Chemist: 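Before we start, here is the structure in question, set down as structure tokens.
Residue numbers run from 1 in the order of the sequence given. As the structure lists them, so they are numbered: ligands from 1, and atoms in each ligand from 1. As the structure is a computational prediction, the values presented were derived from the model and not from experiment.
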Amino acid sequence: MSDSALSPAETKILMAYILEKHYQLPRSALLSRDDLELNARALEEWKMLESKRIQGEPIAYLIGKRGFHNIELYVAPGVLIPRPETELLVEIGLHEIKRLNTPTKILDLGTGSGAIALAIAHEAPDAQLTATDQAMEALDIAKINAKLLNMKSRVQFFQGSWYEAIEADNSFDVILSNPPYITSQDHHLSQGDLRFEPISALTDHGNGLTCLENIISGAKYHLNTNGLLAVEHGFDQSEAVVALMKQADFQDIQTHLDLGGHYRVVSGRK
Ligand code: GLN
């Protein structure tokens, strides 16, 4: 373990996964069983994971999970790996649930692993969640997560592109979305974890604002009066997204900072 080519932190994460899978040992065994010699099968898997990681595969895909807000999600290459900054949308949703103080209807557009919808369902037992995705592969993973978290009855899933997944007369108190907003030219797409993530979850293959515009302009048809829309965007897109909200006649438009100090979310009311 000590002579791995990986950083100590990543070595620990992968080794904890191996110990749990092959020896049913908890994470704490990393300390208490320092002398443990891996058996042949465990060693083989360790080498495979180590080499995949050296080739750049995201840790979350290798161990099949990622923590998000107060839940743990199953993740696989068909979905974006949930990011900590997206927890902002969860907090905005939860704040609105508290403010309304009635069973709140919430829509998560482009749910991917189910992160936003399930994190909210986990905290708010009376909230009614709907989650959509264009990719069947993503919806399958989101449904697995709903099942693993015992929240299958809490979330309705629909397949389709943005509002096409929703019945015309279905409206919500809150719409949340973390759409693909990276521009097609952005060099980050060919770096780090992003190389391995579904391209359709990352970029609109255009200027980065196509999906945001679609979501913002269509929201009025699916929001209740005074309903709240909040969307995540790129670190340099705040002004453009505020302008889109103004154009679509939203009220009470607010910008929200993520923990990294970047404007990351814009919200507004119908
Ligand atoms: N936040 C992700 C990133 O910067 C991008 C995800 C998205 O486009 N919604 O890697």
Chemist: Check each atom of ligand 1 against the heavy atoms of Ile182 and keep those under 4.0 Å away; list them by number with element.
Modeler: 5 (C), 8 (O)
Chemist: Between ligand 1 and Gly234, can you find any atom pair, the residue atom being a heavy atom, that is separated by under 4.0 Å?
Modeler: no
Chemist: Going by the atom numbers of ligand 1, which of them fall below 4.0 Å from some non-hydrogen atom of Asn178?
Modeler: 7 (C), 9 (N)
Chemist: For atom 1 (N) of ligand 1, what is the nearest protein heavy atom, given as residue, atom name and distance?
Modeler: Tyr181 OH, 2.8 Å
Chemist: Under a 3.5 Å cutoff, is there a donor and acceptor pairing between the side chains of Glu91 and His69?
Modeler: yes
Chemist: Which part of Thr86 is near ligand 1, with near meaning a heavy atom under 4.0 Å away: side chain, backbone, both or neither?
Modeler: neither
Chemist: Where the side chain of Glu57 meets the backbone of Gln55, is there a donor-acceptor pair that is under 3.5 Å apart?
Modeler: no
Chemist: Are Leu194 and Ile182 close enough, and set up right, to give a side-chain contact (heavy atoms from CB on, under 4.5 Å), and what steps lead you there?
Modeler: CA-CA 11 Å; Leu194 278 68; Ile182 300 178; 3.7 Å; yes
Chemist: How far apart are the closest heavy atoms of Phe250 and Leu229, and which atoms are they?
Modeler: CZ-CD2, 3.7 Å
Chemist: Verify whether one side chain among Ser171 and Asn224 offers a donor that lies under 3.5 Å from an acceptor in the other.
Modeler: yes
Chemist: Check ligand 1 against Leu194 and write out every atom of the ligand that is under 4.0 Å from a heavy-atom position of the residue.
Modeler: 10 (O)
Chemist: Pairs of nitrogen or oxygen atoms closer than 3.5 Å, one from Leu202 and one from ligand 1: do any exist?
Modeler: yes
Chemist: So is there a nitrogen or oxygen of Pro179 less than 3.5 Å from a nitrogen or oxygen in ligand 1?
Modeler: yes
Chemist: Rounded to the nearest 0.5 Å, how far apart are CG of Asp204 and OG1 of Thr210?
Modeler: 3.5 Å
Chemist: Heavy-atom contacts under 4.0 Å between Glu232 and ligand 1: side chain, backbone, both, or neither?
Modeler: side chain
Chemist: Flag this pair as yes if the NZ/CZ of Lys105 is under 6.0 angstrom from the six-membered ring centre of Phe172 and inside a 45 degree cone about the axis; otherwise no.
Modeler: yes
Chemist: Under a single-linkage rule joining Ile, Leu, Val, Met, Phe, Trp and Tyr whose side-chain heavy atoms are separated by less than 4.5 Å, which residues share a cluster with Leu257?
Modeler: Tyr263
Chemist: What atoms of ligand 1 come within less than 4.0 Å of a heavy atom belonging to Pro180?
Modeler: 8 (O)
Chemist: N/O to N/O below 3.5 Å, does that happen between Arg83 and ligand 1?
Modeler: yes
